[in-house]
Amino acid sequence: MIPPIQNTSIPPCKKCHDRAPLELAFSMAFQPIVDVRTNTIFAYEALVRGLDGSGALQILSQVTEDNRYQFDQACRVQAVSLAARLGIKSHVSINFLPNAVYEPAACIRKTLEAANEHQFPTHQLIFEITENERVVDKDHLKRIMQEYRRRGFKTAIDDFGAGYSGLNLLAEFQPDIIKLDMELVRDIGSNPVRQAIVQGILGVCKALSIEVIAEGVETESEFLTLQAIGVYYFQGYFFAKPAFESLPEVNWPRIEALS
């Protein structure tokens, strides 16, 4: 059993405390991240959806400077709640907005309370920051990552290679995981330049003991090329589309494709 959270030891976040309830209703879909070495699920990414299962855009377009703190907290609680309800035994990956974290220790309070309430182990949580998210204060982000690691969470940089700050972020702090941006993955089987870039990223990550996930994989050619280069964690339509409030069936590659 997960030990009870002592609320008095973690003060409420000043940006969320005593505010009116968030007037933005949403739910989550889940997409698997697979390990093709063992044909097992490494994690499920929690993806924001409308209550009718519609895409994230209509929800995210309603996020403002005024409600982003509450929205970030609500996303974490919703993801943990649904993951527990669905009986997920693997990791659960949650995107977070670094500029919506006022104070790392205080802002993680609701996540810990949700994990405790739903008996979901906190060591199964991964928090992703997207490289496309403009980081206002790198020192602040570093403190967030350090606090999350101290709490036993894994950390990840999403969309790695999409912007211009990826290597700079790695120089500042080293997450447990990076997720290759889908633009690097797209048609990589016929693109030697992208193959060379991904091989370089893999070399850096191996030296830093960082795991690499290829996301947005849609074709067998993309999968086989990345697998040959040395990637073994995958996410994308080639394996499974996100499923609304449920866990989708995984289309595992044929055995001969891996040989």
Side-chain angles (χ1 to χ4, degrees), residues 5-30 45-51 54-84 91-118 120 122 124-159 162-163 165 169 172-173 175-176 179 245:
I5 303 299
Q6 298 298 319
N7 291 339
T8 54
S9 66
I10 308 175
C13 174
K14 296 178 183 179
K15 287 287 185 178
C16 299
H17 191 51
D18 294 333
R19 287 198 174 202
L22 179 68
E23 295 183 359
L24 181 55
F26 63 91
S27 191
M28 295 278 179
F30 290 88
E45 182 176 1
L47 301 163
V48 172
R49 294 290 186 267
L51 292 180
S54 55
L57 185 58
Q58 66 162 316
I59 301 298
L60 296 177
S61 65
Q62 299 177 67
V63 178
T64 66
E65 286 300 316
D66 188 58
N67 67 16
R68 66 189 283 116
Y69 293 89
Q70 291 167 291
F71 176 72
D72 186 70
Q73 296 293 310
C75 283
R76 299 159 184 251
V77 171
Q78 182 75 297
V80 170
S81 172
L82 280 172
H91 290 90
V92 172
S93 194
I94 304 170
N95 293 280
F96 79 95
L97 305 172
N99 300 323
V101 177
Y102 178 73
E103 168 53 47
C107 289
I108 205 63
R109 171 182 169 142
K110 284 189 177 296
T111 307
L112 295 172
E113 288 176 344
N116 184 64
E117 178 184 352
H118 299 287
F120 192 85
T122 55
Q124 290 178 213
L125 294 176
I126 303 171
F127 285 102
E128 298 184 21
I129 171 182
T130 176
E131 186 186 328
N132 288 326
E133 170 80 5
R134 184 174 68 88
V135 178
V136 175
D137 184 344
K138 285 187 177 179
D139 288 336
H140 179 56
L141 179 57
K142 195 171 184 177
R143 289 194 297 272
I144 295 171
M145 294 299 211
Q146 289 171 341
E147 177 66 21
Y148 286 4
R149 278 191 169 174
R150 189 178 76 81
R151 295 282 177 183
F153 307 137
K154 289 186 181 294
T155 58
I157 297 177
D158 194 12
D159 300 322
S165 58
L169 284 176
E172 293 292 331
F173 59 86
D176 299 291
K179 299 179 75 176
E245 295 186 348

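- Across all non-hydrogen atoms, the minimal contact from F120 to A83 is CE1-CB, 3.9 Å.
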side-chain contact (heavy atoms from CB on, under 4.5 Å) assessment of M28 paired with V48
CA-CA 5 Å; M28 295 278 179; V48 172; 4.1 Å; yes

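- You'll find the side chain of I144 stays beyond 4.5 Å of the side chain of T155, heavy atoms only.
- A pairwise comparison of heavy atoms in H91 and I126 identifies CB-CD1, 3.7 Å as the closest pair.
- Taking the side chain as every heavy atom from C-beta outward, Q124 and V92 never approach each other to under 4.5 Å.
- Here the side chains of N95 and C75 are not in contact, with every heavy-atom distance at 4.5 Å or above.
- Shown are R150, R149, R143; of these, the salt bridge (charged side-chain N to carboxylate O under 4.0 Å, His left out) with E147 is made only by R150.
- At a threshold of 4.5 Å between non-hydrogen side-chain atoms, the residues F71 and L60 count as touching.
- Here the two rings, on F96 and Y148, have centers that are under 6.0 Å apart.
- The side-chain heavy atoms of L24 and I59, taken from C-beta on, include a pair separated by under 4.5 Å.
- Heavy-atom minimum distance, S27 versus L82: OG-CD1, 3.7 Å.
- Exactly one of M145, R151, K154, R76 qualifies for a side chain to side chain contact (heavy atoms under 4.5 Å, CB included) with F127. That residue is R76.
- Residues that satisfy the side-chain contact (heavy atoms from CB on, under 4.5 Å) test with S81, not counting sequence neighbours, are H118.
- Taken from CD1 in I94 to CG in L47, the straight-line distance is 11.0 Å, to the nearest 0.5 Å.
- For A46 against A79, the heavy-atom pair with the smallest separation is CB-CB, 3.8 Å.
- Across all their heavy atoms, R49 and S54 have their closest contact at CD-O, 3.2 Å.
- Judged purely by atom type and a 3.5 angstrom limit, N67 uses its side chain to pair as donor or acceptor with the backbone of Q62.
- In this structure, the separation between CD on E45 and CG on D158 is 6.0 Å, given to the nearest 0.5 Å.
- We find the OG1-CZ distance between T111 and F153 to be 6.0 Å, quoted to the nearest 0.5 Å.
- Side-chain atoms of Q78 come within 3.5 Å of backbone atoms of F26 as a donor-acceptor pair (strictly under, hydrogens ignored).
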